[in-house]
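Written out below as structure tokens is the structure these notes cover.
Reckoned from all heavy atoms, side chains included, excluding hydrogens, waters and symmetry mates. Proteins come first, then strands; the chains are lettered A, B, ... in the order of their sequence lines, and each starts at number 1. Not measured: the values here are computed from a predicted model.
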Amino acid sequence: MITLTEAPFEPGALLTAFCVGRAETGAVASFVGLARAEQGQAAALELEAYPGFTDAAIQDFAEAAKARFSLHDYRIVHRTGHIAPGEAIVFVATAAGHRRAAFEACDFLMDWLKSRAPFWKKEHGPGGARWIEPTDRDRTDASRWDQE
Amino acid sequence: MITLTEAPFEPGALLTAFCVGRAETGAVASFVGLARAEQGQAAALELEAYPGFTDAAIQDFAEAAKARFSLHDYRIVHRTGHIAPGEAIVFVATAAGHRRAAFEACDFLMDWLKSRAPFWKKEHGPGGARWIEPTDRDRTDASRWDQE
Amino acid sequence: MARVLLFGRLADQAGWRDRAIEAMSLSALRAVIAGDDPDLAEALSGPGVQVAVDKTVVRGEAALLASTEVAFLPPMSGG
Amino acid sequence: MARVLLFGRLADQAGWRDRAIEAMSLSALRAVIAGDDPDLAEALSGPGVQVAVDKTVVRGEAALLASTEVAFLPPMSGG
């Protein structure tokens, strides 16, 4: 399931809900991306999505990941709008029979979400606001999966 | 922080507590290992630890991982005693500046916990109880880190 | 009347993010925008800007019906 | 009086997991156990069984003081 939300969300509550009733799931990997304060350099983060387009693109990618890694299930929640330092930006959880698949699928989903998902990101800092492009590190992380 | 507990625990509550107040932590990776029902083949799991020895060994290993991956923090909770299918056996969370370190450290800790940590595991199934040794897969996963 | 949506830096540049524009095709739409704001029209054709028609990315020309949604998407940053 | 702890299959085999045994050294302790339960003494010397004295793994001989804790650890399974 995929959710885009303008409201802050609580990763622990999502993990609790995701783990319930999984008698045959041995492994749940999860990831929480938090807005860093950057020692006051990043006052606030603004994330724009295109509702109906962004969530559909995430869903397509997540279903492909589910097939690739034989996942039992996944859960993705992504903030949009203004995000304060310390708040959660993204939560991804993956459920699988064994831990290797759960970890790799979670990592795979995060690399794509951080570098290629249809969001537009603006940082409001002391020097004003600027739109962000993916970092080289994000591109490298995401491209790790391309050769396989 | 490391906790061994005979009582069931709630992974989501641990994740919530772990994420609080992390203004400079960009990434929290976590893993929950759950007792599989194995279609009724595994009726219950029993895990024995040696208090004071098992937790000290985990702490030594986790501190080395913290240094190796430049972690901000980690949290490990491990069940002992009788564990019913669907219950959480282990929770590991890692906090780092960026996601690659958080994921790799969590994976690294889990590989060691599942294959080399000082626990003794017994499965109570329909055919009786048997003590478990690490699987070849566990040994392979853990040895991935040895060459580096 | 196509519904035109701008995202990211394109909306900042234009000063709007959602506008109804009368046009029968994408090229006609671009011409209308160019008459109103030449700098914006140039930005909409800039490197890495994708166009989605009713939430599907298209390349080249597309016919626009009434109530078609046209979105101009600058390079995506990831989340 | 050393306090002797058995774990995993060793405790199942012995039928006990915690017992006080009078012995001044590890080898003397093994001899006492062999006199009481030769099969157990053999298992305690079996492949992969480690010995911890006061929670530190030792190899070979060790002197035992009163209240020393001696644990016999069969191969660990991981969690």
Check for me whether Arg116(A) meets the cation-pi criterion with Phe119(A), that is, NZ or CZ under 6.0 Å from the six-membered ring centre and within 45 degrees of the ring axis. no
Ring-face cation of Arg99(B) near Phe31(A) (centre distance under 6.0 Å, axis angle within 45°): no
Quick one: [atom1] on [X] to [atom2] on [Y], what's the gap to the nearest 0.5 Å?
| X | Y | atom1 | atom2 | result |
| --- | --- | --- | --- | --- |
| Lys66(A) | Tyr74(A) | NZ | OH | 6.5 Å |
| Glu24(B) | Arg36(A) | CD | CZ | 8.0 Å |
| Leu45(A) | Ile132(A) | CG | CD1 | 8.0 Å |

Where along residues 90-98 of chain A does a heavy atom come under 4.5 Å of chain B, listed by residue number? Phe91(A), Gly97(A), His98(A)
Neighbours of chain B found in residues 2-14 of chain A - heavy atoms under 4.5 Å: Glu10(A), Pro11(A), Gly12(A), Ala13(A)
Under 4.5 Å from any heavy atom of chain A - which part of Ala17(B): neither
For the pair Asp73(A) and Arg22(A), evaluate salt bridge (Lys or Arg N to Asp or Glu O under 4.0 Å) and give the outcome as yes or no after the intermediate values. CA-CA 10 Å; Asp73(A) 200 2; Arg22(A) 301 211 171 276; 2.6 Å; yes
Check for me whether the distance between the ring centres of Phe108(A) and Phe61(A) falls short of 6.0 Å. yes
Check for a donor-acceptor pair, side chain of Asp60(B) on one end and backbone N or O of Ala57(B) on the other, with a separation under 3.5 Å.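 Pair absent, no side-chain N/O of Asp60(B) close to backbone of Ala57(B).
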Any donor-acceptor N/O pair, Arg79(B) side chain to His82(B) backbone, under 3.5 Å: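 Yes; judged by distance alone, with no hydrogens or angles, the pair exists.
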When Ala23(A), Gly21(A), Gly86(A) are compared by non-hydrogen pairs under 4.5 Å with chain B, the top option: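 Result: the option with the highest number of such pairs is Ala23(A).
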Greatest number of heavy atom pairs closer than 4.5 Å to chain A - which of [options]:
| options | result |
| --- | --- |
| Thr25(B), Val20(B), Leu34(B) | Leu34(B) |
| Ala35(B), Ala88(B), Ser30(B) | Ser30(B) |
| Ile89(B), Val28(B), Leu15(B) | Val28(B) |
| Met110(B), Arg100(B), Glu87(B) | Arg100(B) |
| Cys19(B), Ala102(B), Ala27(B) | Ala27(B) |

Taking C-beta and beyond as the side chain, do [X] and [Y] meet within less than 4.5 Å on heavy atoms?
| X | Y | value |
| --- | --- | --- |
| Glu46(B) | His124(B) | yes |
| Phe103(A) | Glu104(B) | no |
| Tyr50(A) | Pro118(A) | no |

Could you go through the side chain to side chain contact (heavy atoms under 4.5 Å, CB included) check for Leu47(B) and His78(B) one step at a time? CA-CA 10 Å; Leu47(B) 263 184; His78(B) 212 297; 3.4 Å; yes
